[in-house]
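What you see is a predicted model, and the numbers here were worked out from it, not measured in a lab. All residue numbers refer to positions in the sequence shown, counting from 1.
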Amino acid sequence: MQRWGRALQLTAAGLDAADRGNGAAVRYFADAKRIAGEAAAVQSIPGATRFDGPIRIADGVLDVFVADAPTLIALPPAAPAR
């Protein structure tokens with residue numbers, strides 16, 4: 001649950017950064033995507049819960065929002081390569 005919470009925080013930070021034209025938005029979104037992937041891979045303890053397998057939190061809501069957020073706002077232009 002902490003990973004999903006962190007992914008949501010980073011997504012919100014990415015949206016805020018993009019809204020301000022800050023190039024850090026791309027990094028926030030990438031970190032959110034990575035952490036959401038880790039969260040989605042967490043498995044329940046076999047036999048300790050009714051259903052074995054991946055733990056689902058807001059399945060189809062939070063995971064979709066974290067994945068789609070970078071496409072919902074204009075990202076600042078990438079910094080030129082040096």
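Here the straight-line distance linking atom OG1 of Thr11 with atom CG of Asp68 works out to 10.5 Å at 0.5 Å rounding.
Hydrophobic clustering places Val66 together with Leu75 (ILVMFWY residues linked when any side-chain heavy atoms are closer than 4.5 Å, directly or through intermediates). No continuous path of hydrophobic side-chain contacts links Ile35 to Val64 [ILVMFWY only; heavy atoms under 4.5 Å].
Closest approach of Ala32 to Ala7, counting heavy atoms only: CB-O, 3.5 Å. Annotation for Ala25 and Gly14: closest pair CB-O, 3.4 Å, computed over non-hydrogen atoms. The two residues Gly21 and Pro76 make their nearest non-hydrogen contact at O-CB, 3.6 Å. For the residue pair Ala17 and Ala24, the shortest heavy atom distance occurs at CB-C, 4.4 Å.
Shown are Leu15, Thr71, Leu10; of these, the side-chain contact (heavy atoms from CB on, under 4.5 Å) with Phe29 is made only by Leu15.
The list of side-chain hydrogen bond (donor to acceptor under 3.5 Å, both in side chains) pairs with a residue in residues 24-36, not counting sequence neighbours, reads Arg34-Glu38. Screening residues 9-20 for salt bridge (charged side-chain N to carboxylate O under 4.0 Å, His left out) gives Asp16-Arg20 as the qualifying pairs, with residues at least two apart or on separate chains.
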